[in-house]
Structures are given as structure tokens and as C-alpha cells.
Amino acid sequence: MNSVEQIQLKVIAPDRILVDSMVDSVYLPGTEGEMGIMPEHMNLLTAMNMGEVLYTINGEDTYIVIDGGFVQVKNNEVILLVENASFDREIDLEEASRRRKDVEANLKDVKTGSQEFMAMEMQLHRAMLDISSAKRARF
Amino acid sequence: MPSLRPLRRKISSIESTRKITVAMKMVSAAKLRKAVNNMDAAKPYAEGIVGLMSKLSTTAVGDNPYLSSGAESSSSHGGGGDVGVGVGGNGNAGGTLVVVITSDRGLCGAFNTALIKRAVTLMDAEGHSNIMVYAVGKKGHDYFSRKGYKVVNPLQTYPHGFTYADATDISDSIDKMFVSGDCTRVIMVRNEYRSTASQVPVDSVVLPISPSPIHASGSKVADTSPFDGTTSVASAVSSAVSSAVSPSVSPVDVFEFEPEADAVLAELIPRYIRFTLYFAVLESIAGENGARMVAMDAASRNAKDLLESTKSELNKARQSNITGELLDIINGVQALA
């Protein structure tokens, strides 16, 4: 596959660069909904929600779980600025399950709708995302 | 006849002190290298987020003065530009929160004292008494608690290194104070890492974000190469802005925003603040170890000088003892003859 049919992807976290290579396509959780980015995409700048980023190199899929961030598409280059990102294969399934149980146990004591509750809901969401990603990566 | 024992004891004590300072210097050097690596690892993100910030502030502020209100909605945890929340953002006689970033340990020269002095001067210059301190690092926390300042955070140390999650905790609590109106200004005092030998205390206003620095630096072309390893947050940030702005914002370079630019900016600002804090602490850690390395180097050199002079003192004393003994013997021999 030649490079015209691919697009440059950079995934940058505050403490490391996760990806810097040519890819076939990228799917990401935009705040306005899931979006796919293919080569020759128009220039775009948007925020992302918590979720999974999927990119494909020569037909091979890779997933990254993120807490949110930003995407900039410019001149056939996609730059993702992400916080708290990990590859699905890096996730510790046991740790994520423990995290989920902890949050679920604590969630009962917190007033529904409070800021704390919302923060914990996000933690729970992340734990469940981690679990599902880790499971998929294993099998 | 002077005894040689105290001198010998002094020498061995200096020697063991010197061994410690030499070892501490090597440890600091290793830690410094790690800290600088961490800073380098954060630079691509810095470049990205500052570039975004400059793009958005130029695009979003065009017709509506968003950034001044953007500073307020930043306090609404990125909740989509909820401008009504952060009413305290301008003018209200609220307090000033001073974030002071010091080290946990001493033995690093004037690293902490100079910073604390700067912070105290700044607080006096604020001109009102409603000053709160958020002290990152044990040294600053100890000092401001002891002096009776209103320290808002419990002491937290990071023995396993400072992570982005730690920065998130700190910026979240600062955010909370800003949104609730407990403070209307947040100023950060930190040591800027210029080189191993040079750390300079600097202060900057974190909140509310004024759009001017972001715009202003956009116009001047980067005269220093961005992120050459010695640039500070402020200069790194501004040079990243200039490098991001000057070559890229051409008339054809138009972005589609989704949702509109203002909403993206509202999402961006809390993360921008969080990252600024993260980078400031990384920089402080690098500076701390640089300062300690220099201090320990000086201490080792002093110990060496002291060792030399004490040794020559010892030799003199030994010589005069021998001379004395010889005189005694000669006198004895002459008396017998």
C-alpha cells in the first residue's frame, strides 16, 4: 500500500508518544459522535470523549483507551492529544476489575447527581472500558 | 606537646562527609537526567496543546471575547462553556491563591529559599490580606504553615515520582476553588529550569487566562528553537506558540471545528491548566536536582580544601612533636656526657 492511501497518525500523551506512523484509517470518539478519519480528510479540529481510538495499519487493528482529548487533522496528518491513554494490551485486567468493584462499592454512599458522583461515574466508565478492551486484547 | 588525636579525628570526619556529598552529587546527577528526560517526553504534548490553544484563541475570539469568559468556563470542568458558573472570575473581591512549587528535601542551595522569598514578595504586593497558599512540596508547605499563612492543601509527597494523575488532582482542587469563588486569581510561583546550574524563581498568572499572552506571542517569530532542552514552560510555551502560529496560520489554513470553536476551547482550557501545572512540577524537580548537584559539588570541593589544610596542620604538629622529642633525647645525651 503506498503512502497516498495512508494518513500520518500521531498519538501524543503528556508523558509519551504512543503512535507515530502511517495508518490506513483512524476511528475515534468525538464529542459529537464516533468519527472515522481516512486519508485526504478535510482539516478538522475537535474534542474527544472518553472511549476507544481504533487505528488500522495494513489491515491490522490497534485499540487505545483514552480519557478524552483533542484531534487535529491537517494536510493528511492526524494529531491526537490524549490524557491517560493506554494500549489495550497494556491494561491489567485484574487491576481494572478491582477498580470497578471499588468504585461500585463507593458509589452507593455518594449522593446521585453530585459532582463527586459524576466523577465516580467517569471512573466506573473508564474501568468498564478498560475491562472490555483488555478482554478483547486477550482473546 | 599537642595531641594529634583530635586532628586525626577531624580528618576522618571530613573525609566521611566528603564521601557523602560526592555520593549525593552522583545521585542528583542521575535524578536530574531522569527529570530532564521526563521534561523532554512532555514537550511534544506541550507543543500540541499550545498550538491548539493559539489556534483556538485566534479563531474563537475573533468576534466574541471568549477567552476572558473562557477563563471562567474553564472552571466549570470543561462543561461546555457554562459561562454563568465562574462569576467570580473578574473583579469580585475574592482571594488570591498562590501555588508555590518547592522541593520536598533540602540541601539544594538557595533553590527553595529564593523561591519562597519571591512568593512572599508577591503576596505582599497583592495588596490585600485574603491570600491562600497551595503548597506543592514539603519545604514550602512547612514554611507557610509555620508562618501562619492560610495553606489550603494537606501535605502531599510523591516518593515514586510525580505523575500526570497527581497533577490532575492538584489542578482539580484549584479548579474547584476558582469555580466556587473562593479565589478569583491563581498565581503560580515556581523555579524555572534554565540549566543545571541555573534555576530562576518566576511567577505567572494561571487563572483567569488573559488572551493577550497567547495572541502576543503569536506575532513574533521564534528566535530560539523551541524546546532545546533549556527553555522554560513560559518560553517553551511561547516559542511553541510562535512556531505553531507563524508557519501554519496562512489564509488557506482553515479548520472545521466540531463542535464550534468556543466549545472546543472550553474543553481545552482545563486540560491546558492541568498540563501547565504538570510541566511546572517536572521543571521544578529537574531544577531541584540540578541545584542539589551544584550544591553538593561545592560542598565536596570545600571538604577537599578543608581536608588539605587540616592535613598540613596535622603534619606540622607531628613534625613539631618529633622535633621536641629529638631535643629531649639530645638534651638527655648531653646531660649524660
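Naming: A, B, ... by sequence-line order, numbering from 1 per chain.
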key: Separation between CZ of A:Arg16 and OH of B:Tyr45, rounded to the nearest 0.5 Å   =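 Spacing of CZ (A:Arg16) from OH (B:Tyr45) equals 13.0 Å.
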task = Drop me the distance from B:Met39's CE to A:Asp15's CG, to the nearest 0.5 angstrom.
result =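 Those atoms lie 14.5 Å apart.
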ask   = Non-hydrogen atoms of chain B under 4.5 Å away: do they reach the side chain of A:Ala119, the backbone, both or neither?
value =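 For A:Ala119, no heavy atom lies under 4.5 Å from chain B.
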message = Please classify the contact between A:Val73 and chain B as side chain, backbone, both or neither, with a heavy-atom cut-off of under 4.5 Å.
response =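 Looking at A:Val73, just its backbone touches chain B.
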key: Exceeds 12 heavy-atom contacts within 6.0 angstrom, atom CD of A:Glu116   =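 No.
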inquiry  = Atom OH of residue position A:Tyr27 - does it have more than 12 heavy atoms of other residues, nucleotides or ligands inside 6.0 Å?
reply    =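 Not more than 12 within 6.0 Å, no.
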query = At a heavy-atom separation under 4.5 Å, does B:Leu282 approach chain A through its side chain, its backbone, both, or neither?
reply =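 Contact with chain A involves no heavy atom of B:Leu282 at all.
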request  = Tell me, for B:Leu52 versus chain A, whether the close heavy atoms (under 4.5 Å) come from the side chain, the backbone, both or neither.
outcome  =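 The side chain, not the backbone.
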request  = Could you pull out all residues at least two apart from B:Gln156 that satisfy side chain to side chain contact (heavy atoms under 4.5 Å, CB included)?
outcome  =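 Result, side chain to side chain contact (heavy atoms under 4.5 Å, CB included) vs B:Gln156: B:Tyr158.
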ask   = Can you name the residues that form a side chain to side chain contact (heavy atoms under 4.5 Å, CB included) with A:Ser97, not counting sequence neighbours?
value =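 A:Ser97 satisfies side chain to side chain contact (heavy atoms under 4.5 Å, CB included) with A:Leu93, A:Ile131 only.
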query = Can you find a pair of side-chain heavy atoms, one from B:Glu267 and one from A:Phe70, that are under 4.5 Å apart?
reply =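 Yes, at least one pair of side-chain atoms sits under 4.5 Å.
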ask   = Any idea which heavy atoms bring A:Leu81 and B:Gly48 closest together, and the distance?
value =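 What the structure gives for the nearest pair is CD1-C, 3.4 Å.
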